[in-house]
Every structure is written in structure tokens, then in C-alpha cells.
Amino acid sequence: MRAPILAAAIVPIGVIAASATGVGHSTTTTPKATASSSEVSAQPITGDAQATVRRAAATFRLPAPLPPPPPPRPPAAVADGQVPAPNYDAYQRAADILAKTNPSCGIPWPVIAGIGRVESHHANNGDVDRATGELRTPIYGPTLDGSLAANEVIADTDGGRLDGDSTYDRAVGPMQFLPSTWEHYGADGNGDGKSDPQNIYDAALTTGRYLCDGHKNLRSTSEQVSAILRYNNSMTYVDDVLGFARSY
């Protein structure tokens, strides 16, 4: 009974290892194993694995976009009706345009609004078409023929094109520009390709251009006074305009 056990014990260990692993029988076995491994890894995903990928894709959702920020609140003077909303839009747009085209001027919108308040009570309390800025009722100043006290005589300069009078001039629009001044400074404030003194956007931008002329820095109160005196050479007028501007 002991003899077979002893016979088994003397089998060389190396022979047993070679039989189990195949190492040493051929040097071509390793490349074959590598090729087999590559072939397996290149197989397409099928069956349950493919369904799992589809389910994962179906359940993935982009986050919902954030809602747009609320529009900025209008100034108190607009909210309480001191400055009509369409006029405020025109005054603010004029200041924004000038901040880009003439950044050294720095004119604030309340100064433009102060002119609008004194000259036409904001185009008769905002009596304008909100979409276009056109005045519903055109505004004209008195005929400058010398018949009114303190009014100078100004003969016609535009053939009546802007003011409807081919004999004498008169101021036109909510900012009350003489035709000759409008011809020099008139601007297109609403982007419709024309400048119209009876349009609140055009009139507001033209006012800003006129006040900024001469490279003034209208962030300064003293420069504001100087610019407004050019608009109307009266300190009472200046006080009125800046008084309204400060209240806005």
C-alpha cells in the first residue's frame, strides 16, 4: 500500500507545472492570448448592456435654464408719474447713446429731463406714441416776429419745412429747437433713419448733443450751468431745469 504513494511522490515538480500551465511548450502562445484579448474587448455592446446604456441616456436631462432677471425698477420720479414712462425711455436712451459716442460728456438723463419739463411739460405729459416716440400733437413755439415782449425777431431759415412758417422762424418740438439749430444738431434717437424735432427720442438725443457740444464734462454742476445757459441765457431758466433734474 505504501509503494504507490512513494512512486507518486517522485514525479518531478517541473513536469506537473508544465502540464498545468503550458509554459515552455511554445513561444507563440502569448501573442495568441493577446490577440484573443483584443478581439474580445472590441466586440460591440449588445443585449442587456446596450439596453442599460439606452436607459442611462434616456434618464439624463439638462438642467432647466434659469429665468431671465426681472427688468430694472424705474426711478421713483417715473413710478410716481413726475416723468412719463415714454419720455423717461427717450431721456435715458439719449444719455446711454451719448455715453458711447461722447463718453467725456457724461450727461445724466435727469438734466435732459429737466429741459423737457421746462420746455413742454414732458411733451404735454407724455402725449406720444410709445412705440415710435412721435408726438400725437405737434408742439410749436410763438412766431418770432417781434410781436411778443422779450422775443427777438428771427426771419425764416428753413422755408417753413420744420415750423410751417416761411416768413419767420419759431421753435419746434418738445425740446423747442429753432429750425437753424435743429439743422446743425438734429439726431436720430430711435433708429428709424431720420431726425424729427416732433419725435421725443430724436429731440432728447439732440438736446444731449447740444448740451455736450464743446467737450463739456456734464458730471460737474458748474459745467451743467454753463451748458444750460447756452440753451437759454437765463439763470432763472437754469435754476428751473436743475431744480427739476435734482427732483428726478
Side-chain angles (χ1 to χ4, degrees), residues 83-84 86-124 126-141 144 154 156-165 169-219 223-234 237-238 240-242 244-245 248:
V83 180
N87 296 62
Y88 165 70
D89 289 344
Y91 304 146
Q92 181 65 70
R93 181 182 295 190
D96 289 344
I97 291 173
L98 289 164
K100 297 174 182 177
T101 59
N102 191 353
S104 63
C105 178
I107 187 170
W109 74 264
V111 171
I112 302 175
I115 299 283
R117 171 60 178 80
V118 173
E119 293 292 353
S120 67
H121 209 298
H122 300 306
N124 296 323
D127 186 26
V128 304
D129 184 322
R130 181 73 180 266
T132 65
E134 292 295 324
L135 272 63
R136 294 191 174 94
T137 303
I139 297 174
Y140 298 98
L144 298 175
I154 300 180
D156 173 67
T157 60
D158 70 331
R161 184 176 65 86
L162 294 177
D163 61 5
D165 190 328
D169 270 349
R170 54 179 174 168
V172 292
M175 300 305 208
Q176 289 291 278
F177 279 98
L178 290 173
S180 58
T181 307
W182 185 267
E183 288 298 325
H184 185 72
Y185 291 97
D188 176 11
N190 62 351
D192 64 355
K194 60 183 180 180
S195 59
D196 179 0
Q198 304 288 358
N199 182 291
I200 189 61
Y201 290 101
D202 296 353
L205 181 56
T206 300
T207 296
R209 289 187 63 194
Y210 184 81
L211 293 173
C212 287
D213 190 35
H215 309 287
K216 295 182 180 299
N217 178 3
L218 295 188
R219 300 173 184 85
E223 289 292 330
Q224 291 173 10
V225 170
S226 175
I228 295 168
L229 281 172
R230 289 180 59 244
Y231 207 96
N232 188 319
N233 191 25
S234 162
Y237 181 87
V238 171
D240 288 343
V241 168
L242 292 182
F244 285 118
Y248 301 152

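Sequence positions, counted from 1, serve as the residue numbers for this chain.
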*Asks:* Looking at CG of Leu211 and CG of Leu218, how far apart are the two atoms once the value is rounded to the nearest 0.5 Å?
*Replies:* 6.5 Å
*Asks:* Considering only heavy atoms from C-beta outward, does the side chain of Asp96 approach that of Gln92 to under 4.5 Å?
*Replies:* yes
*Asks:* Would you mind reporting whether Asn190 and Asn199 have side-chain heavy atoms less than 4.5 Å apart?
*Replies:* yes
*Asks:* For Gly189, is there any backbone N or O sitting under 3.5 Å from a side-chain donor or acceptor partner on Asp202?
*Replies:* yes
*Asks:* Might you point out which heavy atoms bring Gly114 and Tyr248 nearest each other, and give the distance in Å?
*Replies:* N-CE1, 4.2 Å
*Asks:* Evaluate Glu183 against Leu162 for side chain to side chain contact (heavy atoms under 4.5 Å, CB included), listing each step before the verdict.
*Replies:* CA-CA 10 Å; Glu183 288 298 325; Leu162 294 177; 3.8 Å; yes
*Asks:* Which heavy atom of Thr157 sits nearest to which heavy atom of Ser180, and what is that distance?
*Replies:* OG1-N, 3.7 Å
*Asks:* State whether a side-chain donor-acceptor pair under 3.5 Å links Gln176 with Tyr231.
*Replies:* no
*Asks:* Measure the OH-CD distance between Tyr140 and Gln198 for me, rounded to the nearest 0.5 Å.
*Replies:* 5.0 Å
*Asks:* Strictly under 6.0 Å, is that where the ring centroids of His122 and Tyr91 end up?
*Replies:* yes
*Asks:* Yes or no on side chain to side chain contact (heavy atoms under 4.5 Å, CB included) for Asn124 and Ile139, after CA distance, side-chain angles and deciding distance?
*Replies:* CA-CA 9 Å; Asn124 296 323; Ile139 297 174; 3.9 Å; yes
*Asks:* Quick check: does any side chain N or O of Arg219 sit under 3.5 Å from a backbone N or O of Pro108, one acting as donor and the other as acceptor?
*Replies:* no
*Asks:* Does Leu178 offer a backbone N or O that forms a donor-acceptor pair with the side chain of Asp169 under 3.5 Å?
*Replies:* no
*Asks:* Can you find a heavy atom in the side chain of Cys105 that is under 4.5 Å from one in the side chain of Leu98?
*Replies:* no
*Asks:* Please report the shortest heavy-atom distance between Ser226 and Lys216, naming the atom on each side.
*Replies:* OG-NZ, 3.3 Å
*Asks:* Any idea which heavy atoms bring Pro197 and Pro174 closest together, and the distance?
*Replies:* O-CD, 3.1 Å
*Asks:* With a 4.5 Å heavy-atom cut-off, do Ile112 and Met175 have their side chains touching?
*Replies:* yes
*Asks:* If you round to the nearest 0.5 Å, how far is CD1 of Ile200 from CG of Leu205?
*Replies:* 11.5 Å
*Asks:* Could you state the interatomic distance from CD (Glu119) to CG (Asp240), rounded to the nearest 0.5 Å?
*Replies:* 10.5 Å
*Asks:* List the steps and the verdict of side chain to side chain contact (heavy atoms under 4.5 Å, CB included) for Phe177 and Asp163.
*Replies:* CA-CA 10 Å; Phe177 279 98; Asp163 61 5; over 6 Å; no
*Asks:* Hey, does Trp182 have a side-chain heavy atom less than 4.5 Å from the side chain of Val172?
*Replies:* no
*Asks:* Of Thr207, Asp213, Thr206, which meets side-chain hydrogen bond (donor to acceptor under 3.5 Å, both in side chains) against Tyr185?
*Replies:* Asp213
*Asks:* Please name the pair of heavy atoms, one in Ala90 and one in Ala204, separated by the smallest distance, quoted to 0.1 Å.
*Replies:* O-CB, 3.7 Å
*Asks:* Between Tyr210 (side chain only) and Arg230 (backbone N and O only), is there a donor and an acceptor less than 3.5 Å apart?
*Replies:* yes
*Asks:* Once rounded to the nearest 0.5 Å, what's the spacing between atom CG of Asn87 and atom NE2 of His121?
*Replies:* 11.0 Å
*Asks:* Are Val241 and Gln224 side-chain neighbours, meaning at least one heavy-atom pair lies under 4.5 Å?
*Replies:* no
*Asks:* Within the distance-only criterion (no hydrogens, no angle test), does the side chain of Arg161 pair as donor or acceptor with the backbone N or O of Pro179 below 3.5 angstrom?
*Replies:* no
*Asks:* Short question: side chain of Asp188, backbone of Gly193 - any donor-acceptor pair under 3.5 Å?
*Replies:* yes
*Asks:* Are any non-hydrogen side-chain atoms of Asp89 and Arg130 less than 4.5 angstrom apart?
*Replies:* yes
*Asks:* Do Asp165 and Asp156 touch side chain to side chain, with heavy atoms closer than 4.5 Å?
*Replies:* no
*Asks:* Quick check: closest heavy atoms across Pro86 and Gly126, and the distance to 0.1 Å?
*Replies:* CG-O, 4.2 Å
*Asks:* As an exercise, state the distance from OH of Tyr201 to CG of Asp196, rounded to the nearest 0.5 Å.
*Replies:* 14.0 Å
